[in-house]
Asker: 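Dumping the structure here so I can ask a few things about it.
Below, chains carry the letters A, B, ... as their sequence lines are ordered, and counting in each starts from 1.
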Protein chains: 2
Amino acid sequence: MSPAKRHAKVKMTDIAQAVGVSAMTVSRAFKGDTGVKPATRAAVLSKAEELGYVFDATAANLRQSRTGFVAVVVPSLENANFSATVRALSKALSQKNIQILLANTEYDVEEEERLIPQLLRRNPEAIVLIGTQHSKRTRALLKKAPVPVIEIWDLPREAIGHVVGFSNFDAVQLLVAHLVKSGRRRLGFLGGEAGNDPRGQQRRAGFVAALAQLALPAHRLVPLGTAPVGMTEGAAGLDRLLSQFPDTDGIICVSDLVGFGAVAQCARRGIAVPETLAIAGFGNYEIGRVCEPALTTVDVGAEQIGQRTAELVFDLLAPGNTRQGPRRFDIHPDLIVRRSTP
Amino acid sequence: MSPAKRHAKVKMTDIAQAVGVSAMTVSRAFKGDTGVKPATRAAVLSKAEELGYVFDATAANLRQSRTGFVAVVVPSLENANFSATVRALSKALSQKNIQILLANTEYDVEEEERLIPQLLRRNPEAIVLIGTQHSKRTRALLKKAPVPVIEIWDLPREAIGHVVGFSNFDAVQLLVAHLVKSGRRRLGFLGGEAGNDPRGQQRRAGFVAALAQLALPAHRLVPLGTAPVGMTEGAAGLDRLLSQFPDTDGIICVSDLVGFGAVAQCARRGIAVPETLAIAGFGNYEIGRVCEPALTTVDVGAEQIGQRTAELVFDLLAPGNTRQGPRRFDIHPDLIVRRSTP
DNA sequence: CGTGAAATAGTTATCGATAACATATGGAGG
DNA sequence: CCTCCATATGTTATCGATAACTATTTCACG
């Protein structure tokens, strides 16, 4: 810690005094455009530089009751899809100098319940939640909260506020349709255990519903354990699925990570993909693009969700915003066909 | 927006009035431990609940000049190693209700220079930076900043403040030693182009130095482009390396992602790994554990870095802290041998 | 030149919680 | 029954920037 750090904090009044103006003028000079003579502004800014002044956002925030940050609640950062969303969101927000207050729930609804009040105390301008499954208390808290709530990555029947997401349920149907069209009939699903990954469950529900509609059997379901499930679980899951249902001719996985685990396990076991077994993933992760054979998957537009969310935030914070009702953006996932399915 | 949201904000004085005590008593009741009669505290808390009171951290922060958040600057969140660190850090900090203010530089030193002043204005209690390469202005700014600076993920010769990291330079030597011990002599390196990934460059430098020390040729270097480089670049890089240096018998990759790309490409080209070509990765990503053959790699203790950083932050913020000099934690990476090397 | 609107600058009060200090109440001990 | 100290609570001023208002200067134009 250098000696400079021990100096008393420099504030606007110090600059004001040094330059010979009032604190208000300094404040105006910093904000940029209001009526301050260019010469005065220059003097203020140079003196500020000289004194090593650092603007105190806390004080400004209190006075203005605007904080300029957005709270973001994620189930996990290690999921490349979620981090892509956060990245896109962060990038867009930082353009307008809005900061992100990050909270990580580890897929735990109770942890979320504990964290959200902590975030709300800081008066974020909006709160963005990946996921739409919350505890009763959390929902009640957010409903009353004096900030816009944006749930993303899903399309809940009953949203708390705004929504930017897609239907996991529908997205899986793209994959089912594709596999069925290419002649597969005995389809299995890896992932989506009842529990802490609502998106995974929805994908499974979508799978079951799609098969039911086609009058195909939908009993080949293998849960993989507690989220997050990854490549390791995919490999183990494939073995489990095939030992229970050896005649399976197509598998849809809850994510590309699981899909890759399954494909890799097939390679080890000498099962031909896609000839003997077609395998599809979900989420368009990099691994699905690179593995052998490359995975058919669904691109859910992770970046797009982040981008759109940022735009929504800008909209909500726009000065003239006549708070209309809650908004709902439906992102449409794209089917990406690759070599792992015929 | 529910009607409740239009209500004027409830503050401590409102509760005080409703309960018939002073604002100070309400404040004390919330803090928990100071001398407040249990009955009074109960009355205050229940009234607060009833009125839907939300504590305003901004005001408290201003008064106390403590904000309770830590700024975290990352080059990228999509790197699983970095997000593991952030996750561990976030998890530990949230235990003590310290929030994370996140900033993403996208591996861009100028973006970092733009973002850090924004963060400093918010009076974080500490600023954590992944990486030790900063612009001159950034360094100067951080040196003067009235908050502890913690650089992580590297061991810089000249740190700004505290350090929690490991030597990328040394870590690679573990891999070189391992490959050489198993008889490989014509080693190549994929990654670490001069540019925006200083950690990658250090790994390459470590590779060159290790070979030089063993009097082995160290010219088989293939840059992959601008960070972040991943699986795709690994596959392309392998082709490039083998076309330039067909006799290569061992490759060290700047990350497991690149390593996987290389291994996958070998599978496509029918090159036997590790018999013909040994391949090692870096970072102990999940992919390296699951791919075929599994990758020999170096575990750099990403979570451990986050954990340690949190502990350091706690230490620095401890009330009785007699600010000693800067601290330096050297994390020791571990070699993990798997099937991709003999 | 004089006048008034625009441009520039200053004053005062405020955002909401709390540190620091001041005061009231209760009960133990003499 | 009174002193004294611990416990419980109240008062006042403050953190630093800025909204809202007021005051002054500038200058275009008649």
Asker: Can you tell me if CD on A:Gln64 sees more than 12 non-hydrogen neighbours from other groups inside 6.0 Å?
Answerer: yes
Asker: Can you tell which of C:dA9, D:dC15, D:dA17 lies closest to the side chain of A:Val36?
Answerer: C:dA9
Asker: Let me spell it out: for each of B:Ala59 and A:Ser27, pick the nucleotide of DNA chain D with the closest heavy atom. Which residue's pick is nearer the 5' end?
Answerer: B:Ala59
Asker: Determine whether more than 12 heavy atoms belonging to other residues, nucleotides or ligands lie under 6.0 Å from atom CD of A:Glu311.
Answerer: yes
Asker: Which of the following nucleotides, C:dT11, C:dT18, C:dA13, is nearest to the side chain of A:Arg63?
Answerer: C:dA13
Asker: Look at the side chain of B:Asn79 and the backbone N and O of B:Asn81, then say whether any donor-acceptor pair between them is shorter than 3.5 Å.
Answerer: yes
Asker: Looking for any heavy atom pair under 4.0 Å, which part of the strands does B:Val26 touch: base, sugar-phosphate only, or nothing?
Answerer: nothing
Asker: Hey, is the side chain of B:Tyr53 poking within less than 4.0 Å of OP1 or OP2 on C:dA17, counting only N and O atoms?
Answerer: yes
Asker: Does C:dA19 have OP1 or OP2 sitting under 4.0 Å from an N or O in the side chain of B:Gln64?
Answerer: yes
Asker: How do A:Pro38 and A:Met24 order along DNA chain C: which one's closest nucleotide is nearer the 5' end?
Answerer: A:Pro38
Asker: Does B:Thr58 place a side-chain N or O at less than 4.0 Å from the phosphate oxygens OP1/OP2 of C:dG16?
Answerer: no
Asker: B:Lys37 side chain: which of D:dT9, C:dT8, C:dG10 is closest?
Answerer: D:dT9
Asker: Short question: side chain of B:His162, backbone of B:Arg327 - any donor-acceptor pair under 3.5 Å?
Answerer: yes
Asker: Over how many whole Å does the gap from A:Met12 atom CE to C:dT11 atom P extend?
Answerer: 17 Å
Asker: Side chain of A:Ala60, heavy atoms from C-beta onward: which of D:dG16, C:dT18, D:dT18 has the nearest atom to it?
Answerer: D:dT18
Asker: Rounded off to whole Å, could you give me the CG-to-P distance for the A:Leu62 and C:dA13 pair?
Answerer: 18 Å
Asker: Without decimals, in angstroms, what is the distance between A:Asn61 CG and C:dC15 C1'?
Answerer: 11 Å
Asker: Is the phosphate of C:dA9, meaning OP1 or OP2, less than 4.0 Å from a side-chain N or O of A:Thr40?
Answerer: yes
Asker: Taking for each residue the nucleotide of DNA chain D with the nearest heavy atom, is it B:Ser22 or A:Phe55 whose nucleotide lies nearer the 5' end?
Answerer: B:Ser22
Asker: Checking contacts here: which listed nucleotide (C:dT18, D:dC15, C:dA9) is nearest the side-chain heavy atoms of A:Arg28?
Answerer: C:dA9
Asker: Looking at A:Thr25, I'd like to know whether one of its side-chain N or O atoms comes within less than 4.0 Å of OP1 or OP2 on C:dG10.
Answerer: yes
Asker: For C:dA19, does either OP1 or OP2 sit under 4.0 Å from a side-chain N or O belonging to B:Lys31?
Answerer: yes
Asker: May I have the distance from A:Arg41 (atom CZ) to C:dA7 (atom P), rounded to whole angstrom?
Answerer: 14 Å
Asker: Does the side chain of A:Gln133 come within less than 4.5 Å of A:Arg199's, by heavy atoms?
Answerer: no
Asker: Surrounding CZ of A:Arg137 (heavy atoms of other residues, nucleotides or ligands, distance under 6.0 Å), is the total greater than 12?
Answerer: no
Asker: Send over the distance from A:Leu51 CG to D:dG16 C1', rounded to a whole Å.
Answerer: 16 Å
Asker: Specify the separation, in whole Å, of atom CZ of B:Arg66 and atom P of D:dT14.
Answerer: 22 Å
Asker: Taking NZ from A:Lys11 and P from D:dT14, how many angstroms apart are they, rounded to a whole number?
Answerer: 10 Å
Asker: What integer distance in Å separates B:Ile15:CD1 from C:dA17:C1'?
Answerer: 12 Å
